[in-house]
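Notes follow once the structure below has been shown.
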Amino acid sequence: MDTTGTTFTARVYRVVAMIPYGKVTTFGAIARALGSPKSARMVGFALASIPGHLDLPAHRVLNRYGFLSGGWHFGHPDIMKAELEDEGVVVSGDYIVDLGVYFWDPGMDPEVDALREAHY
DNA sequence: AGTTTGACAGTAT
DNA sequence: GATACTGCCAAAC
């Protein structure tokens, strides 16, 4: 793949890798940080295409409502839930995370913001 | 080489 | 206020 960050997925990987321990973010936030708010779908698709050898904390990426959207991509939602709880993130029985507490906006990260400006 | 689908989100009715 | 439609880019078929 392109490690220079030319493709959308490459940039997504980079942003996901920056998610702080114990924090979570959303597809829309990442897409918006990259300058394409409408491309939220691509973010999810990019994560679905993660090679695997890349140690990306994909379990920290949730949908807009804090729901573990990609739970079944880990084999079972409970796996993702366990990963998050292990980081101190409280996950409800319905696999929902309180974004008001654990949400991390990529747009507020200087490194991510620099990446966005590089795109323009 | 063209078509279809995919971890979503925002707007439009 | 809730439901439906569109937009977006890349990868798999």
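In this text the structure is predicted, and so the values were computed from the model without any measurement. Lettering follows sequence order; numbering is per chain, from 1.
None of A/T25, A/N63, A/L62 except one satisfies the side-chain contact (heavy atoms from CB on, under 4.5 Å) rule with A/L99; the exception is A/L62.
One interatomic measurement links the two molecules: CG of A/L34 to C1' of C/dA10, which rounds to 14 Å at whole-angstrom precision. Rounding to whole angstrom units, CZ of residue A/F27 and P of B/dG10 are separated by 13 Å. Rounded to whole angstrom, the span from the NZ atom of A/K38 across to the C1' atom of B/dT11 amounts to 6 Å. Rounded to whole Å, the distance from CD1 on A/I50 to P on C/dA11 is 13 Å. Note: OH (A/Y13) to C1' (C/dC9) measures 13 Å, nearest angstrom. Rounded to a whole Å, the NE2 atom of A/H73 is 16 Å from the P atom of C/dA11. Across the protein-nucleic acid pair, A/I79 atom CD1 and B/dA7 atom C1' stand 15 Å apart, rounded to whole Å. In this structure, A/M42 atom CE and C/dA12 atom C1' are separated by 12 Å, rounded to whole Å.
Closest to the A/T9 side chain, of the nucleotides C/dC9, C/dA11, B/dT11, is C/dA11. Closest contact between the side chain of A/F45 and the listed nucleotides B/dG10, C/dC9, B/dG6 involves B/dG6. Side-chain proximity of A/R41 to the nucleotides C/dA11, B/dC8, B/dA7 is greatest for B/dC8. Among the nucleotides C/dA10, B/dG10, B/dA7, the one closest to any side-chain atom of A/R32 is B/dG10.
Cluster membership check: A/L56 does not share its hydrophobic cluster with A/I79, using side-chain heavy-atom separations under 4.5 Å among Ile, Leu, Val, Met, Phe, Trp and Tyr. Linking Ile, Leu, Val, Met, Phe, Trp and Tyr whenever their side-chain heavy atoms come within less than 4.5 Å leaves A/V24 and A/I19 in two separate clusters. Under a hydrophobic-cluster definition in which Ile, Leu, Val, Met, Phe, Trp and Tyr are linked whenever side-chain heavy atoms come within less than 4.5 Å, directly or via other members, A/F103 and A/V101 are assigned to the same cluster. Hydrophobic cluster membership is shared by A/V12 and A/M18, with clusters built from Ile, Leu, Val, Met, Phe, Trp and Tyr side chains linked at under 4.5 angstrom.
A 4.5 Å side-chain heavy-atom check between A/L84 and A/L68 finds at least one atom pair inside the cut-off.
Applying the salt bridge (Lys or Arg N to Asp or Glu O under 4.0 Å) rule to pairs touching residues 69-79 of chain A yields nothing, sequence neighbours excluded.
In this structure, the side chain of A/D105 engages the main chain of A/G107 through a donor-acceptor pair within 3.5 Å.
Of the residues in residues 88-109 of chain A, not one places a heavy atom less than 4.0 Å from an atom of DNA chain B. Residues of residues 58-71 of chain A having a heavy atom closer than 4.0 Å to DNA chain B, listed by number: A/A58, A/N63, A/R64, A/G70.
Within 6.0 Å of the OH atom in A/Y21, the count of heavy atoms belonging to other residues, nucleotides or ligands exceeds 12.
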